[in-house]
Amino acid sequence: MTWFRKKSAQLPMAFRRREVPDGVWMKCAGCGEILYRREVERRLWTCGRCGAHFRISAADYVAILADEGSFTPLFGEVQSVDPLEFSDARGRYADKLLEEQAGDPAREAVVTGRARIESQPLVLAVMDFHFLGGSMGSVVGERIARAGGLARRERIALVILSCSGGARMHEGILSLMQMAKTCAELGRLHEEGVPYISILADPTTGGVSASFAMLGDVILAEPNALIGFAGPRVIRETIREELPPGFQRAEFTQEHGFVDLIVPRGEMRATLGRLLRYFADSEGRRRHRLPAPPAPAPRA
Amino acid sequence: MPGGWLDFEQPLVELEQRIEDLRLLASRENLEADRELKRLAEKADSLRRRIFSDLTPWQRVQLARHPQRPYTLDYIPMLFSDFVELRGDRAFAEDTAIVAGLARFRDRPVAVVGHQKGRNTRENLRRNFGMPQPEGYRKALRVMQLAEKFGNPVITFVDTPGAYPGIGAEERGQAEAIARNVREMTRLRVPIVVVVTGEGGSGGALAIAVGDRVYMLEYAFYSVISPEGCASILWKTREKAPEAAAALRFTAPDLLEMGVVDGLLPEPPGAAHRSPAAAAATIGDALAGALAELEGLDPGELVERRRARYLAMGAYAPEP
């Protein structure tokens with residue numbers, strides 16, 4: 001049940017851009033190869049030798065996925081507070097937030113807005129692991145719910161890229177309730193025939209995987225992304241056994257039937273374009289409305 | 001009811017023992033001890049009230065996890081009649097960490113779903129300590145949708161350390177099972193009334209806890225993460241669980257104040273396990289009250305109100 005995970009080496013592919021000195025060379029966390037930084041950037045932050053997908057910021061994903069200049073950020077005015085006045089061994093959540101915001105109070109673990117991909121309009125939400133492990137607190141839940149509402153009213157696709165350890169402990173039960181909030185909005189999209197594509201990046205676990213991330217009409221994943229409910233350490237400590245190789249990786253998750261396609265970062269944009277055109281061409285063809293189970297008569 | 005005393009109840013134990021000894025002595029020797037017994041009983045009551053009026057969050061956790069605490073299968077016979085348990089998710093397996101079935105509640109047909117812990121080691125092995133596999137959640141959804149089919153309300157009892165973190169559970173889509181339940185419960189077209197009776201263990205609890213009315217027993221707790229899990233991440237040691245328990249603000253009064261639950265159901269003196277029947281009576285009245293309010297609503301209106309309830313949850317600036 002540990003939904004929020006340390007940003008540490010439990011995830012072999014872990015690679016934190018912030019920690020990389022702005023040098024010319026860098027080392028792949030996957031295979032150890034020394035890589036020319038400009039070349040890695042050109043490969044959309046993947047390793048040319050082993051194919052490792054390095055963890056990148058929401059801004060980088062937006063640049064990679066959206067048509068140039070098409071992204072209009074929305075809901076940045078929804079900003080974090082410290083509802084529990086939470087503090088732990090290392091200090092107050094309020095201070096941690098200020099530190100992570102680095103002067104920009106709109107900065108949070110998700111970026112939401114309008115965008116176009118291969119000219120198709122959509123509402124895009126991208127999570128950012130660099131902000132408190134991509135954890136979902138009230139702001140993440142609210143921005144995602146608003147993104148869903150916008151997509152629904154305009155009948156354009158919702159695309160969410162998840163990259164999160166799960167719910168944010170520092171906001172307690174309110175973080176858990178964001179699972180219900182986001183799912184409530186997705187239920188409306190489902191009923192009203194508005195498409196939703198979920199992309200799973202490394203990692204997608206805990207309260208994020210156990211809510212909107214696993215509910216896509218189509219679910220895509222980046223290669224080797226860690227995808228699961230419980231984190232590997234918690235499972236290992238519970239069952240007191242070593243975990244099988246490849247456990248909870250995207251390929252494993254696909255083999256077990258929970259991911260449609262594994263898409264390398266360089267092909268993500270084209271794949272989304274194809275899906276978005278399919279959905280756009282389907283718009284207006286539907287003649288029924290979900291759920292439409294006959295309403296049970298109210299009891300007298 | 002002897003036994004099962006927690007550390008913080010120790011001052012009571014001695015007093016209760018004196019009462020018990022005196023009662024035995026009086027009856028054996030045929031002595032008149034009523035006045036003294038009455039005096040001691042009053043003293044015990046006032047001591048109990050004092051202890052229970054000032055519990056720390058960690059003490060509440062111990063009560064919520066008390067091995068004698070009533071579980072779903074204890075409440076069912078006290079609250080419902082004609083219970084028919086339904087088993088299996090129709091896809092892979094039966095999961096006994098969740099019980100589900102059809103029953104009558106004060107003369108109306110309902111569906112009942114709840115986590116089920118074991119009372120001893122043998123039972124706990126069978127019930128997996130109340131930690132469900134994906135099949136438990138899928139069975140729960142199946143039964144809830146059965147209730148929807150017939151227009152009957154759903155009543156759920158929440159008491160789990162969390163969804164089971166195991167290899168098989170991951171392979172069979174623990175995250176997907178929870179996500180689907182949460183989404184479907186926001187749009188189920190019949191009333192859902194939830195009672196958190198013990199431990200509300202994160203997503204494993206929420207997967208059967210989305211409702212039109214959510215109540216909590218007085219000493220239950222409901223949290224995004226277990227106090228031990230939180231302590232091991234943020235304090236680097238599970239030993240700090242009591243500190244984490246306080247920081248997480250997960251007690252029934254906290255959740256009531258935050259608007260996450262609609263009501264706190266008072267427990268009998270010494271907590272629910274000292275008088276399960278009294279706890280059940282309180283729950284029964286809450287359920288009856290909630291259903292009376294909800295059953296008249298048009299299903300569309302019911303769903304819209306439930307969605308609005310969850311869409312309004314959270315704390316951010318600017319205030320909504």
Legend entry - Among B:Arg172, B:Glu243, B:Arg180, residue most engaged with chain A (heavy-atom pairs, under 4.5 Å): B:Arg172

Legend entry - When A:Val81, A:Asp88, A:Thr182, A:Leu186 are compared by non-hydrogen pairs under 4.5 Å with chain B, the top option: A:Asp88

Legend entry - chain B contact via A:Gln178 - which portion, at a heavy-atom distance below 4.5 Å: side chain

Inset, instruction - Specify the closest pair of heavy atoms between B:Ile192 and B:Val210, including all atoms of both residues, with the distance to one decimal. - result: CG2-O, 3.4 Å

Inset, instruction - Identify whether the distance between the nearest side-chain nitrogen and carboxylate oxygen of A:Lys96 and A:Glu99 falls below 4.0 Å. - result: no

Inset, instruction - Give the minimum heavy-atom separation between A:Gly76 and A:Ala106, together with the two atoms involved. - result: O-CB, 3.6 Å

Inset, instruction - Tabulate, in ascending numerical order, the residues of residues 237-246 of chain A having at least one heavy atom closer than 4.5 Å to a heavy atom of chain B, or enter 'none'. - result: A:Thr238, A:Ile239, A:Leu243, A:Pro244

Legend entry - Part of B:Ile167 within contact of chain A (heavy atom distance under 4.5 Å): both

Inset, instruction - Decide, yes or no, whether a salt bridge links A:Arg168 with A:Glu100 under the criterion of side-chain N to carboxylate O below 4.0 Å. - result: no

Inset, instruction - Decide, yes or no, whether a salt bridge links A:Arg153 with A:Glu192 under the criterion of side-chain N to carboxylate O below 4.0 Å. - result: no

Inset, instruction - Using the six-membered ring wherever Trp is involved, compare the ring planes of A:Phe247 and A:Phe252 and label them parallel, tilted or perpendicular (cut-offs 30° and 60°). - result: perpendicular

Legend entry - Candidate pair B:Glu135 and B:Arg142, rule salt bridge (Lys or Arg N to Asp or Glu O under 4.0 Å), full reasoning: CA-CA 10 Å; B:Glu135 293 72 37; B:Arg142 177 172 78 88; over 6 Å; no

Inset, instruction - Output, in order, the C-alpha distance, side-chain angles, deciding distance and verdict of side chain to side chain contact (heavy atoms under 4.5 Å, CB included) for B:Val224 and B:Leu248. - result: CA-CA 8 Å; B:Val224 65; B:Leu248 285 164; 4.2 Å; yes

Legend entry - A:Asp202/A:Glu222 under side chain to side chain contact (heavy atoms under 4.5 Å, CB included): CA gap, chis, key distance, verdict: CA-CA 7 Å; A:Asp202 183 54; A:Glu222 285 198 338; 5.8 Å; no

Legend entry - Interface moiety of A:Ser87 toward chain B, non-hydrogen atoms closer than 4.5 Å: backbone

Inset, instruction - Sort B:Val182 into side chain, backbone, both or neither according to what part of it lies under 4.5 angstrom from a heavy atom of chain A. - result: both

Inset, instruction - Please state whether the side chain, the backbone, both or neither of B:Phe250 comes within less than 4.5 Å of a heavy atom of chain A. - result: neither

Inset, instruction - Give the member of B:Glu184, B:Glu171, B:Arg249 that has the highest number of heavy-atom pairs under 4.5 Å with chain A. - result: B:Glu171

Inset, instruction - Scan for salt bridge (charged side-chain N to carboxylate O under 4.0 Å, His left out) pairs involving residues 196-210 of chain B, sequence neighbours excluded, and state none if there are none. - result: B:Arg65-B:Glu199, B:Lys117-B:Glu199

Inset, instruction - Keeping to residues at least two apart or across chains, list the salt bridge (charged side-chain N to carboxylate O under 4.0 Å, His left out) pairs with something in residues 203-221 of chain A. - result: none

Legend entry - Options A:Leu215, A:Val78, A:Ile173, ranked by heavy-atom pairs under 4.5 Å with chain B, top entry: A:Ile173

Legend entry - Neighbour count above 12 (heavy atom, 6.0 Å) for A:Glu85 CD: no

Legend entry - Contacts of residues 143-152 of chain A with chain B (heavy atom under 4.5 Å): A:Ala145, A:Arg146

Legend entry - Salt bridge present between B:Arg307 and B:Glu304 (N-O < 4.0 angstrom): yes

Inset, instruction - Check A:Ala213 against A:Ser198 and note the closest heavy-atom contact, atom names and distance. - result: O-OG, 2.7 Å

Inset, instruction - Counting only heavy atoms closer than 4.5 Å, note whether A:Ser211 contacts chain B via side chain, backbone, both or neither. - result: backbone

Legend entry - Closest approach of A:Ile227 to A:Ala250 (non-hydrogen atoms, all atoms of both residues): CD1-CA, 3.8 Å

Inset, instruction - Would you name the heavy atoms of B:Asp212 and B:Arg309 that are closest together and state the gap between them? - result: O-NH1, 3.5 Å

Inset, instruction - Please determine, among A:Val139, A:Thr253, A:Leu174, A:Leu84, the option with the most heavy-atom pairs under 4.5 Å with chain B. - result: A:Leu84

Inset, instruction - Report the option among A:Gly228, A:Pro83, A:Ala180, A:Gly257 that has the most heavy-atom pairs separated by less than 4.5 Å from atoms of chain B. - result: A:Ala180

Inset, instruction - Just give me the residue among B:Met185, B:Glu170, B:Arg306 that pairs up with chain A most often, heavy atom to heavy atom, under 4.5 Å. - result: B:Glu170

